[in-house]
Amino acid sequence: MGWSIALHGGAGDIPLTLPPERRLPREAALRHCLELGVAALKAHRPPLDVVELVVRELENSPYFNAGRGSVLTTNGTVEMEACIMDGNTQKCGAVSGLSTVVNAISLARLVMEKTPHIYLGFDGAEAFAREQGVETVDARHFITPENIERLKQAKKANRVQIDYTQPIKGQTPQETSSTTGDSQIGTVGCVAVDGNGNLAAATSTGGLVNKMVGRIGDTPIIGAGTYANPFCAVSATGKGESIIRATIARDVAALMEYKGLSLKEAAAYVIESVPKGNAGLIAVSATGEVTMPFNTTGMFRACATEDGYSEIGIWN
Ligand code: ASP
């Protein structure tokens, strides 16, 4: 029994040829966020605070598809979504369709703590953000040149894509060098448990490049992209529609609860049952076990445990 923490910056088809200028800043961001989370756990901050803190930091980084780095809808707008859940109480909060809120994860927490509801979306969520006085900015703040370029690429190929999809067929590496082929970023998430077995999970995303306006993915859906109960805390990433169909996060918890599987066994079973190339997850158990399986080429990820183990990785 001891504390542990894991975080991710998205799973997908991340080419092994990812150049250092694309890889290193993301690894540095993961390291920084891991250190932040570890320090908070060592300072005995509740896991719910820890996952919110870490996800806020990841949202503020332009290197990941959440907050500042959110990808664009087919109309060139940003619609961010996020979810947070406490394991012991199973209290949870979720938001979708945000276009001006700097930290979607903190608004999700306010939905959990300040409303009788679980999930607010679009105009109602934006109005709630103003009522609560959370930091908002002009929607244009989130629209980065990289994401305008990604949207162009996706439209050209007539597809909805996860943000690190490989270069579009027929294009030379040069043509894609600053866009989809090597500009890997992703949805973010964090799970944590303290020495007393208190668990929490948080996930935040801009969704998929060229998604329809109004599309809701797995991230804010309790049991799909995010879930925590007294057994484990899970945050998933990958193709949202596949993750929703498979209720990935809840299935990990259910296999532990109903079938007595260990965290690692349950997570591996769930990831194997999702079509290859579609998903990854991070999870911690009440006893401090940690696992980060994926069936994509890679997943930006990091973890640490109280006994001194720590890892930062992208590929297998
Ligand atoms: N799961 C997210 C979505 O479909 C995307 C991702 O994980 O990168 O909205």
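As the structure lists them, so they are numbered: ligands from 1, and atoms in each ligand from 1. Side-chain atoms are counted along with the backbone in the values below, which use heavy atoms only and exclude waters and symmetry mates.
Near Asp218, meaning under 4.0 Å from any of its heavy atoms, are these atoms of ligand 1: 1 (N), 2 (C), 3 (C), 4 (O), 9 (O). Atom numbering of ligand 1 starts at 1 in the shown order; those under 4.0 Å from a heavy atom of Leu208 are 4 (O), 5 (C). Those atoms of ligand 1 with a heavy atom of Thr187 less than 4.0 angstrom away are 2 (C), 5 (C), 6 (C), 7 (O), 8 (O).
Look at Glu126 and Arg130 and you find a salt bridge, because one of the NZ, NE, NH1 or NH2 atoms lies within 4.0 Å of a carboxylate O, short of that distance. Between Asp49 and Arg56, no side-chain nitrogen of the basic residue sits less than 4.0 Å from a carboxylate oxygen of the acidic one, so the salt-bridge criterion is not met. The pair Glu149-Lys152 meets the salt-bridge criterion, since a charged nitrogen lies less than 4.0 angstrom from a carboxylate oxygen.
Not a single N or O atom of Thr205, backbone or side chain, sits closer than 3.5 Å to an N or O atom of ligand 1. Below 3.5 Å of separation, one finds no N or O of Glu81 facing any N or O of ligand 1. Backbone and side-chain nitrogen or oxygen atoms of Ala11 are examined, and none is located within less than 3.5 angstrom of a nitrogen or oxygen of ligand 1. Of the polar atoms of Gly217, none of the N or O atoms is found under 3.5 Å from an N or O of ligand 1, judged by distance alone. Residue Asn65 places no N or O, backbone or side chain, under 3.5 Å from any N or O of ligand 1. The N/O atoms of Arg215, backbone and side chain alike, include one that comes under 3.5 Å of an N/O atom in ligand 1.
Residue Gly225 places every heavy atom at 4.0 Å or more from ligand 1. Residue contacts with ligand 1 do not include Lys211, since none of its heavy atoms lies under 4.0 Å from the ligand.
For Ala200, the side chain to side chain contact (heavy atoms under 4.5 Å, CB included) partners at least two apart in sequence or on another chain are Pro47, Leu48, Val51.
The two residues Glu81 and Tyr119 make their nearest non-hydrogen contact at OE1-OH, 4.4 Å.
Within a 6.0 Å radius of CG in Asn158, other residues, nucleotides and ligands contribute 12 heavy atoms or fewer.
Side-chain atoms of Gln90 and Asn229 include no donor-acceptor pair closer than 3.5 Å.
Of the heavy atoms in Thr237, both backbone and side-chain atoms come closer than 4.0 Å to ligand 1.
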Side chains of residues 207-220: which donor-acceptor pairs under 3.5 Å do they make with residues two or more places apart or in other chains?
from, atom 1, to, atom 2, distance (Å)
Asn210, OD1, Thr74, OG1, 2.9
Asn210, ND2, Arg159, O, 3.0
Lys211, NZ, Glu79, O, 2.8
Lys211, NZ, Gly206, O, 2.9
Arg215, NE, Glu241, OE2, 3.0
Arg215, NH2, Glu241, OE1, 3.0
Arg215, NH2, Glu241, OE2, 3.2

